[in-house]
Amino acid sequence: MCGWKDVWVAYRPSPSTAGSSLPPLSRPQLADARRVRAVELFEDGVSNAEIARAIGVCSESVRRWRRVWEQGGASAPRRAATGRPPKLDDTQVERVRAALEQGAQAHGFEADLWTLERVGTVVTRATGVVLSRASMWRLLTGRLGWSLQRPERRAVERD
């Protein structure tokens, strides 16, 4: 039975490396490190069962990596980019950045504050692409580097 628990236990830091200054590997980095080590062992002629025990993965994974390695070479078992490609390419993101930097009032909004709805309107006008609220948030925080800023609330009757 192949499970994450088996893999995780095999790659916990040892007590000698637990206090080191190296940051822990992310799950994709750890998976790539396993594949690279498996390729090294393939080239040394080690059997699939021995590689599976040494790396701490299922023998099915090792067989699959060996098949890919035999067909495509040493770089073939590396992790491929996964996930859906972004709806906006880099030029469209730059167009959106330029439009947002003009300010909300330049786009016909009363206050010079950006909300996700307003950003969505500007993105649709600038690129023709309709994004969900979550996608707009990822666009603003991830690709554009913006952060959430809330205006201070002050009483109108303030002295």
Side-chain angles (χ1 to χ4, degrees), residues 1-13 17 20-40 42 55-58 60-159:
M1 180 86 187
C2 183
W4 275 107
K5 181 181 176 203
D6 301 328
V7 175
W8 184 255
V9 171
Y11 281 92
R12 281 191 186 147
T17 60
S20 69
S21 61
L22 294 174
L25 294 177
S26 66
R27 204 173 249 183
Q29 290 170 330
L30 191 58
D32 270 345
R34 284 189 200 109
R35 290 185 192 104
V36 168
R37 182 65 182 137
V39 166
E40 292 170 356
F42 293 154
I55 296 177
V57 297
C58 299
E60 294 88 9
S61 296
V62 176
R63 280 196 297 272
R64 186 176 60 250
W65 295 343
R66 184 179 292 270
R67 196 170 41 251
V68 170
W69 171 70
E70 288 170 347
Q71 293 171 355
S75 63
R78 305 268 329 200
R79 180 174 168 260
T82 59
R84 182 180 180 148
K87 286 185 175 181
L88 300 177
D89 60 25
D90 292 338
T91 57
Q92 290 173 315
V93 170
E94 288 307 313
R95 240 183 295 154
V96 169
R97 179 191 308 272
L100 294 177
E101 287 174 350
Q102 293 172 355
Q105 290 179 331
H107 293 280
F109 301 110
E110 289 181 24
D112 204 20
L113 297 172
W114 287 114
T115 64
L116 290 178
E117 289 79 14
R118 290 179 178 185
V119 171
T121 303
V122 171
V123 168
T124 303
R125 285 182 196 161
T127 65
V129 175
V130 177
L131 296 178
S132 68
R133 289 175 55 92
S135 295
M136 285 183 286
W137 181 257
R138 282 190 300 272
L139 171 69
L140 289 171
T141 59
R143 294 184 78 183
L144 295 177
W146 287 28
S147 62
L148 177 64
Q149 305 287 317
R150 293 183 189 253
E152 286 184 29
R153 298 206 183 270
R154 295 185 184 150
V156 176
E157 303 84 12
R158 186 175 156 193
D159 289 335

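Residue pairs meeting the salt bridge (charged side-chain N to carboxylate O under 4.0 Å, His left out) criterion with at least one member in residues 86-95, sequence neighbours excluded, are Asp90-Arg143, Glu94-Arg97. Among pairs with a residue in residues 98-114, none fulfils salt bridge (charged side-chain N to carboxylate O under 4.0 Å, His left out), at least two apart in sequence or across chains. Applying the salt bridge (charged side-chain N to carboxylate O under 4.0 Å, His left out) definition to pairs two or more places apart or across chains, those involving residues 116-134 are Glu117-Arg133.
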**Message:** Set out, in order, the CA-CA distance, both residues' side-chain angles and the distance that settles side chain to side chain contact (heavy atoms under 4.5 Å, CB included) for Val62 and Ile55, then state yes or no.
**Reply:** CA-CA 9 Å; Val62 176; Ile55 296 177; 5.7 Å; no

**Request:** Step by step, work out the side chain to side chain contact (heavy atoms under 4.5 Å, CB included) result for Leu148 and Trp137.
**Result:** CA-CA 10 Å; Leu148 177 64; Trp137 181 257; 3.9 Å; yes

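Closest non-hydrogen pair, Ala104 versus Ala111, comes out as CB-O, 3.5 Å. Scanning both residues, Gln92 and Thr127, for their nearest heavy atoms gives CB-CG2, 3.8 Å. When every heavy atom of Val123 is checked against every heavy atom of Val129, the shortest pair comes out as CG1-O, 3.7 Å. Nearest heavy-atom pair, Met136 versus Val119, reported as atom, atom and distance to 0.1 Å: SD-C, 4.0 Å.
At a threshold of 4.0 Å, the pair Glu40-Arg37 counts as salt-bridged, since one of the basic side-chain nitrogens sits closer than that to a carboxylate oxygen.
Every residue meeting the side-chain contact (heavy atoms from CB on, under 4.5 Å) condition with Gln102, not counting sequence neighbours, appears here in chain and number order: Ala106, His107. With sequence neighbours excluded, the residues forming a side-chain contact (heavy atoms from CB on, under 4.5 Å) with Trp146 are Leu100, Trp114, Leu140, Leu144, listed by chain and number. The side-chain contact (heavy atoms from CB on, under 4.5 Å) check on Ala134 picks up Ser132, Arg138, with sequence neighbours excluded.
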